[in-house]
2 protein chains.
Amino acid sequence: MQKYDSEPRLQHFIDTCRQHQLKITPQRVAIYRALMDSDQHPTADMMYQTVREEFPSISFDTVNRALLTFAGIGMVDVVEVFGGPKRFDPDIDDHHHLHCTACGRIIDFDHEGYSHLEVPAEIARQFKVISKRVVLKGLCATCAPER
Amino acid sequence: MQKYDSEPRLQHFIDTCRQHQLKITPQRVAIYRALMDSDQHPTADMMYQTVREEFPSISFDTVNRALLTFAGIGMVDVVEVFGGPKRFDPDIDDHHHLHCTACGRIIDFDHEGYSHLEVPAEIARQFKVISKRVVLKGLCATCAPER
DNA sequence: CTCTTAAATAAGAGTCATTCTTATTTGTCA
DNA sequence: TGACAAATAAGAATGACTCTTATTTAAGAG
Ligand SMILES: [Mn+2]
Ligand SMILES: [Mn+2]
Ligand SMILES: [Zn+2]
Ligand SMILES: [Zn+2]
C-alpha cells in the first residue's frame, strides 16, 4: 500500500512525454516513478542510487539526462543550490524552499508574497526579467537548537 | 589617472586585514586592488588572469583563497550563480543583481523592497532564517531584442 | 636588525558534479 | 516487420574548485 495512488500522475507523465515526442522507455518510467516516491528533493546521484536497485544496468548519465529532460517539459522542477548539486522536485505546484545549511535538507513552504514579487519599474523597463526567485537559507527544525 | 582615488579604500582594506590578524602580503594587496578596479563581478579565474599580468608567479589557488578570505572578513561580497562559478563584488553596500542568461553579465540595482523581505511568521517560528535573497534572471539591455 | 614561528604561498594532485563522445540498442511508425 | 531517429551505457573529458606538501615570508620578540 502506498501513500496515494500514483498511477494517474504516471499516466499524465506518459501523456506529456508523448505530446513532446519523447519515447517512453522503461528507464524513464522507473526514474519518474522513483522521483514521485522520493522523500524530498533528491540529487541526480541519489536518484541514480535508488533507480539502480531495480535497474542495475542504468547509467548515471541516463538518470541525469532524463531528469533534465523532464524539467524541460515541465514535469519536474529543478531546485538549484548555491555550491551544491541540483535537486529535483516532483512537486511542480507553486511553492518555495528553505535550504538548511546544516543538514542540506530543503523544506517546502507556501507564501503568496514570494510568488508575486514585483519588479521595480525602472528594472522592468531596462531588462527583460525571465524569472524571480527568493532563496532562504537557515536551519531547519531538527538542526536549530531546539526552541 | 584613475576613475577615483582608491587609496582610502585600500587603506581601509589593510586596516581591516590587520584587525583580523591577516598578514598584508603583496599578493593580497594586488588582488584587492584589481578587484576594486574590476569592471564588474569577475570570477576567481578572471581575477587570476588579471593579477597574473603584474604578478606572473601567483597561483590560482592563492587568488581564489584570498577572495574567499576577503569575503570572510566582509571586505567583498560573493555573488553565487546557479550552475556557474562564483562572482566577486567589491561593492559591499546593500544592492541586488540581475543575472543576464545570455551574456552572463551581472547588473546591479537598488531596491528597497528586496532589502527587507518579510519572512512569513509560520516559517520564522519553525526555522532559524540566516539569509534571504532575491535572484532575478533575464536579459540585460544589450542582450534583449532592443525596445 | 636578527630570530622565530605561525601564516601564507606555489605547484600540482584530487574531487565533485556534471557534460560529452562513441558505439550499441530500442521505441515508434510506416 | 523493418527503418531509423532517439535513447542508452560506458567511459573520457571538463570546469570549478579544494586539498596536500614543501617552501617562503610577514610580523612580533628580543
Ligand atoms: Mn519543493
Ligand atoms: Mn554588485
Ligand atoms: Zn537541517
Ligand atoms: Zn546580457
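It should be emphasised that the depicted structure is a prediction, and the values quoted were computed from it without experimental measurement. The sequence lines fix the lettering, A, B, ..., with proteins before strands; numbering per chain opens at 1. Every heavy atom of this structure was used, including side-chain atoms; hydrogens, water molecules and symmetry mates were not.
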Verify, without hydrogens or angle tests, whether [X] (side chain) and [Y] (backbone) share a donor-acceptor contact under 3.5 angstrom.
{"X": "B/Arg33", "Y": "B/Leu10", "answer": "no"}
{"X": "B/His95", "Y": "B/Asp93", "answer": "yes"}
{"X": "A/His96", "Y": "A/His111", "answer": "yes"}

Would you mind listing the cluster partners of [X]? Hydrophobic ones only (ILVMFWY), side-chain contacts under 4.5 Å, chaining allowed.
{"X": "B/Val129", "value": "A/Leu98, A/Ile107, A/Phe109, A/Tyr114, A/Leu117, A/Val119, A/Ile123, A/Phe127, A/Val129, A/Val134, A/Leu136, B/Leu98, B/Ile107, B/Phe109, B/Tyr114, B/Leu117, B/Val119, B/Ile123, B/Phe127, B/Val134, B/Leu136"}
{"X": "A/Val81", "value": "A/Val79, A/Ile106"}
{"X": "B/Leu139", "value": "A/Ile130"}

Problem - Opening and closing nucleotides of DNA chain D in contact with chain B, under 4.0 Å to non-hydrogen atoms - result: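 So the contact region on DNA chain D extends D/dA16 to D/dA27.
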Handout entry: Audit row: A/Leu68, A/Phe88, side chain to side chain contact (heavy atoms under 4.5 Å, CB included) steps and yes/no
Key = CA-CA 9 Å; A/Leu68 294 175; A/Phe88 295 90; 4.1 Å; yes
Practice task
State which residues pass side chain to side chain donor-acceptor pair (under 3.5 Å) with A/Thr142; sequence neighbours excluded, sorted by chain then number.
Solution key: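 A/Thr142 satisfies side chain to side chain donor-acceptor pair (under 3.5 Å) with A/Arg105 once adjacent residues are dropped.
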Exercise for the section: Mind calculating the distance between CZ (B/Arg28) and P (C/dA7) to the nearest angstrom? Expected result: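 Rounded to whole Å, this separation is 11 Å.
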Problem - Spacing between B/Ile31 atom CD1 and C/dA8 atom C1', to the nearest angstrom - result: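 Going from B/Ile31 (CD1) to C/dA8 (C1'), I get 11 Å.
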Exercise for the section: Would you please test A/Glu80 and A/Val78 for side chain to side chain contact (heavy atoms under 4.5 Å, CB included) and show each step? Expected result: CA-CA 6 Å; A/Glu80 305 202 64; A/Val78 179; 4.0 Å; yes
Exercise for the section: May I ask whether B/Met46 and B/Val51 are part of the same hydrophobic cluster, defined by side-chain heavy atoms of I, L, V, M, F, W, Y residues being less than 4.5 angstrom apart, directly or through others? Expected result: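 No, no single cluster joins them.
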Identify the pairs formed between an N or O of the protein and an N or O of nucleotides 14-19 of chain C at a distance under 3.5 Å, and give each distance.
{"residue": "C/dT18", "atom": "OP2", "partner": "A/Lys86", "partner atom": "N", "Å": "3.3"}

Every protein N/O within reach of nucleotides 26-30 of chain C N/O, cut-off under 3.5 Å:
{"residue": "C/dT28", "atom": "OP1", "partner": "A/Ile24", "partner atom": "N", "Å": "2.9"}

Practice task
Side-chain contact test, heavy atoms from C-beta onward, threshold under 4.5 Å: evaluate it for A/Arg87 versus A/His97 and give yes or no.
Solution key: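 Answer no - side chains too far apart.
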Strictly under 3.5 Å: I want the nitrogen or oxygen pairs between protein and nucleotides 1-3 of chain C, one per line.
none

Problem - Which residues share a ring-ring contact (aromatic ring centres under 6.0 Å, His included) with B/Phe13, sequence neighbours left out - result: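 ring-ring contact (aromatic ring centres under 6.0 Å, His included) list for B/Phe13, sorted by chain: B/Tyr32, B/Phe70.
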Exercise for the section: With sequence neighbours excluded, tell me which residues meet side-chain contact (heavy atoms from CB on, under 4.5 Å) with A/Gln40. Expected result: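 Scan of A/Gln40 (side-chain contact (heavy atoms from CB on, under 4.5 Å), adjacent residues dropped) gives A/Asp108.
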Exercise for the section: List for me each residue that meets side-chain contact (heavy atoms from CB on, under 4.5 Å) alongside B/Gln126, sequence neighbours excluded, and say none if there are none. Expected result: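 By the side-chain contact (heavy atoms from CB on, under 4.5 Å) rule, B/Gln126 matches B/Glu122.
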Exercise for the section: For the helix from C/dC1-D/dG30 to C/dA30-D/dT1, measure the angle between the helix axis at one end and the axis at the other, each built from five pairs, rounding to 10°. Expected result: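 Here the helix ends are tilted 30° relative to one another.
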Exercise for the section: Could you tell me which non-hydrogen atom of B/Leu35 sits nearest to which non-hydrogen atom of B/Pro90, and how far apart they are? Expected result: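 Answer, listing the atom of B/Leu35 first, then B/Pro90: O-CG, 3.4 Å.
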